[in-house]
Engineer: 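Please see the structure below; I have some questions.
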Amino acid sequence: MHLAAFMNAGPQGTVGWRHPEAGDGFLTTAHYAHIARVLEAACFDMVFIPDAMAVPRSLGNSFEPAVKWGSGTPRLDPMPVITTMAAVTTNLGVAATISTGYQEPYNVARGLATLDHLTQGRAGWNVVTSFQDAEAQNFGQDKLPDRATRYRRAEEFLEVSTRLWDSWSDDVMIRDKATGVFGRPEEVEAVDHEGEFFKVQGPLSVPRPPQGYPVIIQAGASPAGRDFASRWADVIFCSHESLASAIDFYADIKQRAASFGRDPSQVKILPAATIVVGTDVRDAMARHEAFADLVSVEAGLSRLAYHVNVDLTKYDLDGPLPSLEVVGVEGHYREVVEFAEREKLTVAEIGRWYGARTEGNMIGSARDIADTMEQWMRAGAADGFMIQATHVPGAFEDVAREVVPELQRRGLFRTSYEEGTLRDRLGLNRPARGEWRNRAASVVKA
């Protein structure tokens, strides 16, 4: 089983910051250093930080609800944050979200290659295409491009980035002090890419990363997103409201990966799991209900509007949620629809639920939670889990203290780190130089 920690570089969720046991140091290095040490002591594979480059304006076309309730803001730049976390650990993988919509391949490839070297192969990149119009409006656009355009740009972005990482062979550097020869220029090649979105000469100014490519993470839920993830991703982050939907997703992704010529075992699927640990189910449920009681309707709607990129104030709050054709994060929207239809919720009730929504709830004793995780693994629904915290650092401390030892007793999780890079610990092969050609060729094939 693989375990990753999902946490914000900022307040934890819409109400997580209100939790009585929540820390308040998200503007300090000490906060992130402490969490990194907790996760490494528990042998987590990696920590993963999401991001968005805007203060949300999705509810009522105003940033006031986001600021008032802490919905999607503030957000620190995740790269300095994960660098801080890497600096106090030696084995924990560190991954950040970087958008292909509002960055350039050369900058991203260079930064991640540098981080991978400085961490001896522990860097990861969560690839997103952006999902809020507010982000577009910070970069000279009125609205996000349509989904198809965003994914075409992301495909080209990944091709250029991997070509840049491959522009140096692994054997360039000689560093012969006697002769003064530093490297073999014949082992470095230009990129000379000119496509629909990017024109990049190359080569990269950083040697090939220790992992070949940093670990690529993706969370696409739409058909285009699933294809993109199946071609490029090493780790896929997802969330489900039921075991049945998780099994279907797992099988679909593995099949798509195989259809693109990839070994399905080289795509690791980590569903979200929000763990609330108690002495028993009753105690854990009481903890969860106390957390849910902190939510106001507007705070929840602000969070949901931020994720689906739709102004929900234009709908009747006492009526059902209408069908939405174009949404930001399609996976979140599908979960909301599935749950709301089953529970017959109004828009206001959805808001209150979503404000405290914790993806993949696992609530109970450590033994109960380990039972559920083992069930999902054996059912073919997961290769591990992306642990989300109701509050930090307390929720991660609970998992490290209570759940991880139970998983270790069952032989489901490591008791110490294996040697090697993040790829090695995830059971992923190091891409051969030129592997980008296979991924790029599968786009044409698809």
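The first residue in the sequence is number 1, and the count goes up from there. Predicted, not measured: the structure shown is a model, and the values here were computed from it.
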Engineer: Taking the side chain from Gln211 and the backbone from Arg423, do they hold a donor-acceptor pair closer than 3.5 Å?
Structural biologist: yes

Engineer: Sequence neighbours left out, cut at 3.5 Å: what donor-acceptor pairs do the side chains of residues 103-113 make with other protein atoms?
Structural biologist:
from: Tyr106; atom 1: OH; to: Ser205; atom 2: N; distance (Å): 3.1
from: Tyr106; atom 1: OH; to: Ser205; atom 2: OG; distance (Å): 3.4
from: Arg110; atom 1: NE; to: Ser205; atom 2: OG; distance (Å): 3.1

Engineer: Not counting sequence neighbours, which residues clear side chain to side chain donor-acceptor pair (under 3.5 Å) with Asp146? List them please.
Structural biologist: Thr149

Engineer: Would you give the length of the straight line joining atom CZ of Arg150 to atom CZ of Arg147, rounded to the nearest 0.5 angstrom?
Structural biologist: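 Reported value, rounded in 0.5 Å steps: 5.5 Å.
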
Engineer: Can you pull the salt bridge (charged side-chain N to carboxylate O under 4.0 Å, His left out) pairs that have at least one residue in residues 44-56, sequence neighbours excluded?
Structural biologist: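 For residues 44-56, and leaving out neighbouring residues, the salt bridge (charged side-chain N to carboxylate O under 4.0 Å, His left out) pairs sorted by first residue read Asp45-Arg414.
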
Engineer: Could you tell me whether the side chains of Glu435 and Asn438 share a donor-acceptor contact shorter than 3.5 Å?
Structural biologist: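 A donor-acceptor contact under 3.5 Å links the two side chains.
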
Engineer: Apply side chain to side chain donor-acceptor pair (under 3.5 Å) to Glu402 and list each qualifying residue two or more places apart in sequence or on a separate chain.
Structural biologist: none

Engineer: Within the 4.5 Å heavy-atom criterion, are Thr73 and Pro56 side-chain neighbours or not?
Structural biologist: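 Result yes, sub-4.5 Å side-chain heavy-atom pair found.
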
Engineer: Do Trp436 and Leu158 come within less than 4.5 Å of each other through their side chains, counting heavy atoms only?
Structural biologist: no

Engineer: Under a 4.5 Å cut-off applied to non-hydrogen side-chain atoms, are Phe26 and Val392 in contact?
Structural biologist: no

Engineer: Can you run down the salt bridge (charged side-chain N to carboxylate O under 4.0 Å, His left out) pairs that involve residues 77-93, sequence neighbours left out, and say none if there aren't any?
Structural biologist: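 Every candidate salt bridge (charged side-chain N to carboxylate O under 4.0 Å, His left out) pair involving residues 77-93 fails, so no pair, neighbours aside, qualifies.
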
Engineer: Report all side-chain donor-acceptor pairs from residues 243-251 shorter than 3.5 Å, counting only partners two or more places apart or in another chain.
Structural biologist:
from: Ser245; atom 1: OG; to: Ser242; atom 2: O; distance (Å): 3.0
from: Ser245; atom 1: OG; to: Ser242; atom 2: OG; distance (Å): 3.1
from: Tyr250; atom 1: OH; to: Asp383; atom 2: OD1; distance (Å): 2.7

Engineer: Over 60° means perpendicular and under 30° means parallel, so classify the ring planes of His240 and Trp376, tilted if in between.
Structural biologist: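 The arrangement is tilted - the two ring planes meet at 30° to 60°.
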
Engineer: Report yes or no: does Arg262 contribute a side-chain atom to a donor-acceptor pair with the main-chain N or O of Val267 at less than 3.5 Å?
Structural biologist: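 Checked: no pair found.
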
Engineer: Side-chain donor-acceptor pair under 3.5 Å between Ser265 and Asp263, yes or no?
Structural biologist: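 Yes, Asp263 and Ser265 have a side-chain donor paired with an acceptor closer than 3.5 Å.
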
Engineer: Got Lys254 and Ile269 here, is their nearest side-chain heavy-atom distance under 4.5 Å?
Structural biologist: yes

Engineer: Output yes when Glu156 and Arg152 qualify as a salt bridge under the 4.0 Å nitrogen-oxygen rule, no when they do not.
Structural biologist: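 No.
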
Engineer: Of Val276, Val15, Ile275, which meets side chain to side chain contact (heavy atoms under 4.5 Å, CB included) against Thr390?
Structural biologist: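 With Thr390 as partner, Val276, Val15, Ile275 yield a single side chain to side chain contact (heavy atoms under 4.5 Å, CB included), made by Val276.
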
Engineer: Is there a side-chain contact between Pro145 and Arg153 in this structure, where contact means two heavy atoms from C-beta onward sitting under 4.5 Å apart?
Structural biologist: no

